[in-house]
Amino acid sequence: MVIKKSDEKSAETAAKILRDGGIAVLPTDTVYGFSGIIGVTGEKIRRIKGREESKPFITLISSPEEIFNHTDDKIPPEILEKWPGALTVIVHDKNDFNATTAFRCPGDEWLRRVIKLCGSPIYSTSVNRSGKPVLGTVAEIRREFEAATDLIVDDGDKTNALPSTLIALEAGKVKVLRQGDVRL
């Protein structure tokens, strides 16, 4: 199914499909992403992308404060001020300091609403086959992935969009791993 982001009930439709365990292609403030509920849909997304199991996904949250439900790391205020936005922060997991997770609070208000309606953070990973370029047009996404996903939300083409900036917090220091849309 393909719907327009501008449709009146698009956020509710996307959230319902995600809550029901479906995979949706959602527009973000950067590129289109495959999304699904955390802990439920990871294997489905990996199969669609052809992605190896060891490569983690980004976890999207609906508000900046939500990150503290998942980590005890101290996040510098100048980093938190960049949220909502195209910044992904890798932090240590609250219940296992040896494990890390990448979080992003997207700048797109519609997407934050979808996450909130899900009642859970959601996975996000760029729309492409593993190792191939990110797809930026709705026509390409439909041709390649419409049959493999439950929903595509059309927000127009996103060609030449930059990915989120990716940082890690290591010993209280910020390390830029990928320079994207947000400058640090």
Side-chain angles (χ1 to χ4, degrees), residues 5 14 18 24-38 41-42 45-46 49 51-52 54-94 96-116 118 120-138 140-141 153 155-184:
K5 179 181 171 185
L18 294 172
V25 172
L26 302 179
T28 74
D29 47 342
T30 56
V31 298
Y32 280 93
F34 289 116
S35 290
I37 296 291
I38 299 292
T41 57
I45 295 171
R46 287 182 203 294
K49 279 187 70 108
R51 187 172 182 159
E52 61 197 54
S54 62
K55 195 168 181 189
F57 300 122
I58 292 173
T59 298
L60 298 181
I61 54 179
S62 62
S63 70
E65 303 76 32
E66 198 176 322
I67 194 166
F68 296 109
N69 296 335
H70 307 282
T71 188
D72 289 325
D73 284 357
K74 292 189 187 290
I75 301 171
E78 62 271 14
I79 297 301
L80 281 178
E81 289 170 2
K82 304 285 186 185
W83 275 356
L87 176 67
T88 301
V89 181
I90 300 172
V91 295
H92 295 95
D93 294 348
K94 189 173 235 174
D96 179 0
F97 192 76
N98 293 318
T100 58
T101 301
F103 288 93
R104 185 154 88 85
C105 180
D108 185 281
E109 186 176 333
W110 176 90
L111 182 53
R112 291 194 313 274
R113 183 162 182 254
V114 170
I115 298 164
K116 192 167 197 71
C118 284
S120 164
I122 62 174
Y123 288 128
S124 185
T125 181
S126 59
V127 175
N128 61 318
R129 300 280 180 201
S130 193
K132 301 290 183 189
V134 175
L135 300 181
T137 71
V138 175
E140 291 172 320
I141 293 168
V153 177
D155 189 32
D157 294 345
K158 294 182 175 285
T159 55
N160 301 318
L162 289 174
S164 64
T165 298
L166 178 64
I167 65 168
L169 299 178
E170 298 175 359
K173 303 275 191 237
V174 174
K175 181 177 180 182
V176 177
L177 303 176
R178 176 182 70 204
Q179 184 61 62
D181 198 37
V182 172
R183 292 279 167 205
L184 292 178

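Both backbone and side-chain heavy atoms feed into the values below; hydrogens, waters and symmetry mates do not. None of these values were measured; they are calculated from a predicted model.
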Do [X] and [Y] have side-chain heavy atoms sitting under 4.5 Å apart?
X: Ile90; Y: Thr101; value: no
X: Asp181; Y: Pro163; value: no
X: Ile167; Y: Leu177; value: no
X: Thr137; Y: Leu135; value: no
X: Leu18; Y: Leu26; value: yes
X: Tyr123; Y: Ile45; value: yes

Quick one about [Y] and [X] (side-chain donor to acceptor, distance below 3.5 Å, no hydrogens or angles considered), yes or no?
X: Arg178; Y: Thr165; result: no
X: Thr28; Y: Asp108; result: no
X: Asn128; Y: Ser126; result: yes
X: Thr88; Y: Ser164; result: yes

Residues in side chain to side chain donor-acceptor pair (under 3.5 Å) contact with Trp110, at least two apart in sequence or another chain: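 Trp110 satisfies side chain to side chain donor-acceptor pair (under 3.5 Å) with Ser10 only.
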Starting at [atom1] of [X], measure out to [atom2] of [Y] and round the result to the nearest 0.5 Å.
X: Ile75; Y: Ile79; atom1: CD1; atom2: CD1; result: 9.0 Å
X: Lys175; Y: Leu166; atom1: NZ; atom2: CG; result: 10.5 Å
X: Ser120; Y: Ile61; atom1: OG; atom2: CD1; result: 11.5 Å
X: Glu66; Y: Ile115; atom1: CD; atom2: CD1; result: 7.5 Å
X: Asp29; Y: Glu109; atom1: CG; atom2: CD; result: 12.0 Å
X: Ser63; Y: Asn69; atom1: OG; atom2: CG; result: 8.0 Å

Option from Ile67, Leu111, Thr30 for which side-chain contact (heavy atoms from CB on, under 4.5 Å) with Arg104 holds: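 Single pass found, and it is Thr30.
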Trace of the side-chain contact (heavy atoms from CB on, under 4.5 Å) decision for Val153 with Val25: CA-CA 6 Å; Val153 177; Val25 172; over 6 Å; no
Indicate the atoms forming the closest heavy-atom contact of [X] with [Y], along with that distance.
X: Leu169; Y: His92; result: O-CE1, 4.0 Å
X: Asp157; Y: Val138; result: OD1-N, 2.9 Å
X: Pro27; Y: Lys158; result: CB-CE, 3.7 Å
X: Arg112; Y: Pro84; result: NH1-CB, 3.4 Å
X: Pro121; Y: Ile38; result: O-CG1, 3.2 Å

side-chain contact (heavy atoms from CB on, under 4.5 Å) assessment of Asp93 paired with Thr71: CA-CA 5 Å; Asp93 294 348; Thr71 188; over 6 Å; no
Selection residues 61-82 - residue pairs positive for ring-ring contact (aromatic ring centres under 6.0 Å, His included), sequence neighbours left out: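 Checked against ring-ring contact (aromatic ring centres under 6.0 Å, His included) - neighbours excluded - the pairs reaching residues 61-82 are His70-Phe103.
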Geometric cation-pi criterion, Arg46 with Phe34: 6.0 Å, 45°: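 Because its charged atom misses either the 6.0 Å distance or the 45° angle limit, Arg46 does not stack over Phe34.
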Check against side-chain contact (heavy atoms from CB on, under 4.5 Å), Leu162 and Val31: CA-CA 7 Å; Leu162 289 174; Val31 298; over 6 Å; no
Selection residues 70-91 - residue pairs positive for salt bridge (charged side-chain N to carboxylate O under 4.0 Å, His left out), sequence neighbours left out: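 Only Asp72-Lys94 qualify under salt bridge (charged side-chain N to carboxylate O under 4.0 Å, His left out).
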